[in-house]
There are 2 protein chains.
Amino acid sequence: MSKIIKKRNAVASKNLILRNATKLFSKKGYSSTSMEELASMCDLNKAMIFYYFDSKQGLYEAVIIEVLDEIYKHLAKENKSIDNPKQELSNFIKTFASFSDSHPYLPSLLLKELSDSGAKIPKTLFSHMKKLYTLFTNILKRGEEVGDFFDVVPMIIYFMIMGTLNLMVTTKNLRDMAHEMDGLDTCSTCDMDEISEYIDKKIQKLLKDK
Amino acid sequence: MSKIIKKRNAVASKNLILRNATKLFSKKGYSSTSMEELASMCDLNKAMIFYYFDSKQGLYEAVIIEVLDEIYKHLAKENKSIDNPKQELSNFIKTFASFSDSHPYLPSLLLKELSDSGAKIPKTLFSHMKKLYTLFTNILKRGEEVGDFFDVVPMIIYFMIMGTLNLMVTTKNLRDMAHEMDGLDTCSTCDMDEISEYIDKKIQKLLKDK
DNA sequence: TATATAATTAACTATCTAGTTAGTTAATTA
DNA sequence: TAATTAACTAACTAGATAGTTAATTATATA
């Protein structure tokens with residue numbers, strides 16, 4: 001009988017929307033995500049979404065920028081004050097891998113956005129993406145100068161790492177199924193540490209002198 | 001005044017729908033693709049889509065299976081009667097790359113499907129995917145037996161190739177932009193031959209003995 | 001040429017979705 | 001405590017979308 005009185009808390013509500021939106025967008029993609037569903041997931045009225053973020057597109061951009069910021073913070077932190085490109089590259093791969101593992105939806109959201117070729121990506125988003133990529137190319141560049149890395153095409157190496165990790169994370173279920181049903185070797189028992197170590201080893205090898 | 005009389009041709013109509021659906025689904029994704037738009041693209045009544053393929057989901061599955069078949073045919077053809085795993089791997093990479101290049105939307109559609117982690121992928125689709133992957137693992141397996149390849153985790157190598165190629169193709173526009181605007185080295189002048197040759201070289205290197 | 005059938009259409013329904021609005025309640029401040 | 005503001009809601013609009021249906025037209029065949 002007694003109606004539950006909810007405390008009002010703008011910050012909490014806004015964060016709640018952002019967190020659930022991140023989950024939904026990355027699980028379902030932009031257009032399959034319903035604002036109605038998001039609202040009920042947050043136990044808030046749908047109008048609150050438009051109250052805090054203006055439009056579905058606006059919410060989406062907020063989500064992506066937060067994601068990029070979070071990834072960048074992780075990577076930049078781990079990468080400070082080391083002056084050994086090989087080690088820095090290992091750190092980059094491992095940090096990105098463990099981040100992907102603990103936030104499986106975030107990197108896939110990122111790559112989805114990257115691949116949306118026709119897209120008119122807003123400036124802020126664009127510059128966030130460049131920051132991440134620049135961090136990476138700097139490691140490779142220093143590695144070349146020091147004589148650690150050879151024959152480097154940074155863009156391709158970057159996508160090798162991001163693409164592989166992302167696919168390994170997002171296909172987990174499918175790989176498990178294929179293994180169970182047909183005994184296929186899909187690396188279904190591999191955990192993320194093994195995977196990232198393997199990728200690291202192989203990338204380091206492919207960058208070594210001829 | 002005179003109404004244009006259209007010849008009736010079931011096969012042609014069905015194919016037309018399939019072809020345009022492939023374009024639309026891969027450009028816009030599943031849920032952003034409108035059956036109304038598809039119909040008018042084909043210059044057919046929307047009801048024809050449901051007449052030939054039953055439901056949007058059914059059409060989508062038909063599209064994906066056709067894509068997988070086409071890729072598989074390409075790869076299997078190129079791969080016949082060669083008994084040199086290194087060469088076969090090179091062929092696989094180059095064939096997949098040139099296919100991606102000439103049908104930029106198809107591989108991305110495939111990977112999108114793979115990544116839909118929660119998905120209940122229909123059996124036919126699943127078995128088509130396995131066929132492709134099996135073709136690939138067999139090359140690597142023979143390579144190991146012959147002593148050409150070492151320390152192989154086929155699933156990861158597979159995704160390295162597919163993931164990298166796919167990202168390079170789908171990000172073309174974005175990479176061009178980033179290069180023009182900020183002079184970033186995004187491999188924007190690289191053509192697909194250079195890219196696939198580089199990937200081939202690097203993958204071969206990473207599979208070589210320690 | 002009459003008939004059956006396959007291909008096609010116009011017009012519809014039911015449902016969903018982003019976004020709005022006018023009004024309500026809780027919290028803050030004067 | 002009264003007035004103001006910020007957080008919230010219910011009920012709505014307008015447009016889109018997947019899918020249906022009953023009727024129509026072209027084509028092949030008997």
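Note that these values count all heavy atoms, side chains included, but never hydrogens, waters or copies made by symmetry. Naming convention: chains lettered A, B, ... in sequence-line order (proteins, then strands); numbering from 1 in each chain.
- Considering OG1 of A:Thr33 and CE of A:Met35, their distance stands at 6.0 Å, rounded to 0.5 Å.
- Interatomic distance, NE2 of B:His128 versus CD of B:Glu66, reported as 10.5 Å (0.5 Å rounding).
- In this entry the distance linking CG of B:Leu38 with P of D:dG19 reads 13 Å, nearest Å.
- Relative orientation of the A:Phe92 and A:Tyr158 rings is tilted, given thresholds of 30° and 60° on the angle between their planes.
- Side-chain contact between B:Lys23 and B:Asn20: present, with at least one pair of heavy atoms (C-beta onward) separated by less than 4.5 Å.
- In this structure, the NZ atom of B:Lys28 is 13 Å from the C1' atom of D:dT17, given to the nearest Å.
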- request: Please report the C-alpha distance between A:Lys172 and A:Asp176 in whole Å, then the side-chain angles of each, then the deciding distance to 0.1 Å, and finally whether the salt bridge (Lys or Arg N to Asp or Glu O under 4.0 Å) criterion is met.
  value: CA-CA 6 Å; A:Lys172 183 82 182 89; A:Asp176 286 352; 3.0 Å; yes
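- A donor N or O paired with an acceptor N or O is not found under 3.5 Å between the base of D:dG19 and the side-chain atoms of B:Lys56.
- Pair assignment for C:dA30 gives D:dT1, based on Watson-Crick or G-U wobble hydrogen-bonding distances that are each under 3.5 Å.
- Listed nucleotides: C:dA18, C:dG19, D:dG19. Nearest to the side chain of B:Phe50: D:dG19.
- Across all strands shown, B:Thr33 has heavy atoms under 4.0 Å from sugar-phosphate atoms exclusively, and none from any base.
- In this structure, B:Asn15 places its CG atom 13 Å from P of C:dA7, rounding to the nearest Å.
- Rounded to an integer number of Å, the gap from CD1 of A:Ile49 to C1' of D:dC8 is 13 Å.
- Per the geometry, CG belonging to B:Leu16 stands 15 Å off P belonging to C:dA7, to the nearest Å.
- Nucleotide C:dA18 holds its P atom 5 Å from the CE atom of A:Met35, rounded to whole Å.
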Polar atoms only, N or O, under 3.5 Å: list the protein pairs with nucleotides 3-7 of chain D and their distances.
residue: D:dA7; atom: OP2; partner: A:Tyr51; partner atom: OH; Å: 3.1
residue: D:dA7; atom: N3; partner: A:Arg8; partner atom: NH1; Å: 2.8

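- Side-chain contact between A:Leu174 and A:Thr186 is absent, with no heavy-atom pair separated by less than 4.5 Å.
- Taking 4.5 Å as the limit, every side-chain heavy atom of A:Leu75 sits out of range of all side-chain heavy atoms of A:Phe99.
- As rounded to whole Å, 10 Å separates atom P of C:dA18 from atom CD of A:Glu37.
- Sequence order on DNA chain D of the closest nucleotides to A:Asp43 and A:Glu36 puts A:Asp43 first from the 5' end.
- Base pairing of C:dT9: its partner is D:dA22, meeting the Watson-Crick or G-U wobble criterion (both donor-acceptor distances under 3.5 Å).
- One can place NZ of A:Lys46 at 12 Å from C1' of C:dT21, the figure rounded to the nearest angstrom.
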